[in-house]
S.K.: 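Just passing along the structure, written as structure tokens.
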2 protein chains.
Amino acid sequence: MSEKTSEAGEGTDRQIRADARRNLDGLLKAAMEVFATSGVDAPVREIAGRAGVGVGTFYRHFPQRSDLIVAVFRREIDACADAAEALAAQYSPGEALARWMQRFVDFVSAKRGLSAALHSGDPAYEPLPAYFDQRLRPALENLLQAAEEAGEIRPGMDAIELLHAVSRLASAGGDDARRMVALLVDGLRYRPGNTQG
Amino acid sequence: MSEKTSEAGEGTDRQIRADARRNLDGLLKAAMEVFATSGVDAPVREIAGRAGVGVGTFYRHFPQRSDLIVAVFRREIDACADAAEALAAQYSPGEALARWMQRFVDFVSAKRGLSAALHSGDPAYEPLPAYFDQRLRPALENLLQAAEEAGEIRPGMDAIELLHAVSRLASAGGDDARRMVALLVDGLRYRPGNTQG
DNA sequence: ACCTGAACACCGTTCAAGT
DNA sequence: ACCTGAACACCGTTCAAGT
């Protein structure tokens, strides 16, 4: 029991009718476009219409609106995580950490709906934070550990907690977001026992 | 031109029919209660019904839903700002700053809808951030300046920027929010030129 | 002046009928 | 198996009629 019953988007590739897969791809593509312009609350009829299918087909693939949102942002998260490995090799641990943070800020800032869904607390979006953590945590943990071993930041930081905090700050967008994240990273560098009381 | 035409909630107190004022108060009270349980997206009919008025009356007092939300949260902001003066006299500048931050975190964490409205970017809520800043900025600026003059934090921080960042972190709620805000305050204490490169 | 609530428009969701 | 779209329910918003 508790098997995933054909989760929308990913899953077993065989035994799926060609038109069904075409429709699903079309819906995802249409949703990404509509989300970018009208936000994640865009009318179902608009997305279905743009994909050239009936609303019934929409609901067949995505019974809950959150299913669609999750599927769309999963792809975006993949794109971000894939671009987060080279930095550790190019820069000093502390510098690599700071740079990855800024890159992450740009990503989150660009997707308005992502952080909204991420921080809504709505249990319908539960798989999204889970995927977010699963893909992004390892990247940050490596950077964190290297910087810690180099003595550049305080020890014992929780990568997940940091990730969530930064994504909150990043959702402000613009230079404010960049400055505040940089300030938070400076917080990591600060340790009470050194110069200031 | 560009005068405020009887903004809902505050304004000139004379020439208002007694039943109209009663209805407005009832609507605000009902809204606060409904917001607490069902969130700020609760149906208009539910709020109007609880206040014992027709939906037309609701729209007469609050033409836009955002007008109601703004009116409700204005009261909440007042309550928070009023409680933020004694700390500077009781503690050292740096300590007073850190404590006020934590108190502010508690406030924002308690009101789910506030930060959502605050950070939505929707121009309909524009008066809300404005009021938020107007009431809370002076408090933080004083704390900041004192801590800066005492040499406990870096100079040149923008109070508004900091306020917005902290309210974002605070909207996470719980101990995570407290820890991350404390980390940000440590960022203020950190200055590059001292011990670490 | 202000209030009421029927009426309208819009959107989410279902399901009988089709292929 | 999967798709379609008419039909239904619900909610925001207006406005003619009342006091």
Side-chain angles (χ1 to χ4, degrees), chain A residues 5-9 11-31 34-35 37-72 113 117 120 122 124-125, chain B residues 5-9 11-31 34-35 37-72 113 117 120 122 124-125:
Chain A
T5 55
S6 85
E7 202 149 14
T12 60
D13 277 350
R14 48 180 184 142
Q15 218 94 347
I16 297 179
R17 255 169 48 174
D19 57 343
R21 165 140 290 279
R22 228 182 357 253
N23 284 338
L24 190 146
D25 288 341
L27 279 167
L28 274 175
K29 184 158 176 286
V34 172
F35 281 5
T37 58
S38 311
V40 293
D41 290 327
V44 169
R45 282 174 181 80
E46 188 180 340
I47 299 168
R50 178 181 273 257
V53 302
V55 287
T57 302
F58 177 96
Y59 281 100
R60 164 169 279 268
H61 288 288
F62 305 105
Q64 316 255 26
R65 172 176 221 90
S66 56
D67 294 330
L68 172 66
I69 296 177
V70 167
V72 166
S120 70
D122 191 331
Y125 295 131
Chain B
T5 55
S6 84
E7 202 150 15
T12 60
D13 277 350
R14 50 185 181 137
Q15 218 94 347
I16 298 180
R17 253 168 52 173
D19 57 343
R21 166 138 291 280
R22 228 182 356 255
N23 283 338
L24 191 146
D25 289 341
L27 279 167
L28 274 175
K29 185 158 174 286
V34 172
F35 281 5
T37 58
S38 311
V40 293
D41 290 326
V44 168
R45 283 173 180 81
E46 187 181 341
I47 299 169
R50 178 182 274 256
V53 302
V55 287
T57 303
F58 177 96
Y59 281 100
R60 164 168 280 268
H61 288 288
F62 305 105
Q64 317 255 23
R65 172 177 221 92
S66 56
D67 294 329
L68 172 66
I69 296 177
V70 167
V72 166
S120 69
D122 190 330
Y125 294 132

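Quick caveat: nothing in here was measured; it's all calculated off a predicted structure. Per chain, numbering begins at 1; letters A, B, ... match sequence-line order.
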S.K.: Quick one: does L28(B)'s side chain get under 4.5 Å of F62(B)'s, heavy atoms only?
M.R.: yes

S.K.: Using Watson-Crick or G-U wobble pairs with both distances under 3.5 Å, give me DNA chain C in dot-bracket, 5' to 3', with [ ] for crossers and | for pairs to another strand.
M.R.: ||.|||||...|||||.||

S.K.: Using the side-chain contact (heavy atoms from CB on, under 4.5 Å) definition, which of the options R21(A), K29(A), R22(A) pairs with D25(A)?
M.R.: R21(A)

S.K.: Mind listing the closest non-hydrogen atom pair of L27(A) and A48(A) along with its distance?
M.R.: CD2-CA, 4.2 Å

S.K.: Mind listing the closest non-hydrogen atom pair of Y125(A) and A117(A) along with its distance?
M.R.: CD1-O, 3.5 Å

S.K.: Please lay out, stage by stage, how R65(B) and V40(B) fare under the test side chain to side chain contact (heavy atoms under 4.5 Å, CB included).
M.R.: CA-CA 9 Å; R65(B) 172 177 221 92; V40(B) 293; 5.6 Å; no

S.K.: Does anyone know the first and last nucleotide of DNA chain C in reach of chain B, 5' to 3', at under 4.0 angstrom to a heavy atom?
M.R.: dA1(C) to dA7(C)

S.K.: Roughly how far, to the nearest 0.5 Å, is CG of D41(B) from CD1 of I69(B)?
M.R.: 7.0 Å

S.K.: Using 0.5 Å steps for rounding, measure from the CZ atom of F58(B) to the CD atom of E46(B).
M.R.: 11.5 Å

S.K.: Quick check: does any side chain N or O of T37(B) sit under 3.5 Å from a backbone N or O of V34(B), one acting as donor and the other as acceptor?
M.R.: yes

S.K.: Starting from the 5' end of DNA chain D, give me the residue, G56(B) or V53(A), whose nearest nucleotide shows up first.
M.R.: V53(A)

S.K.: What residues in residues 41-48 of chain A put a non-hydrogen atom under 4.0 Å from any atom of DNA chain D?
M.R.: R45(A)

S.K.: Kindly compute the distance separating CG (D67(B)) from NE2 (H61(B)), expressed to the nearest 0.5 Å.
M.R.: 12.5 Å

S.K.: For R60(B), report the nucleic acid contact type (base, sugar-phosphate, nothing); a contact means any heavy atom under 4.0 Å.
M.R.: base

S.K.: Kindly compute the distance separating CD1 (I47(A)) from CG (L68(A)), expressed to the nearest 0.5 Å.
M.R.: 5.5 Å

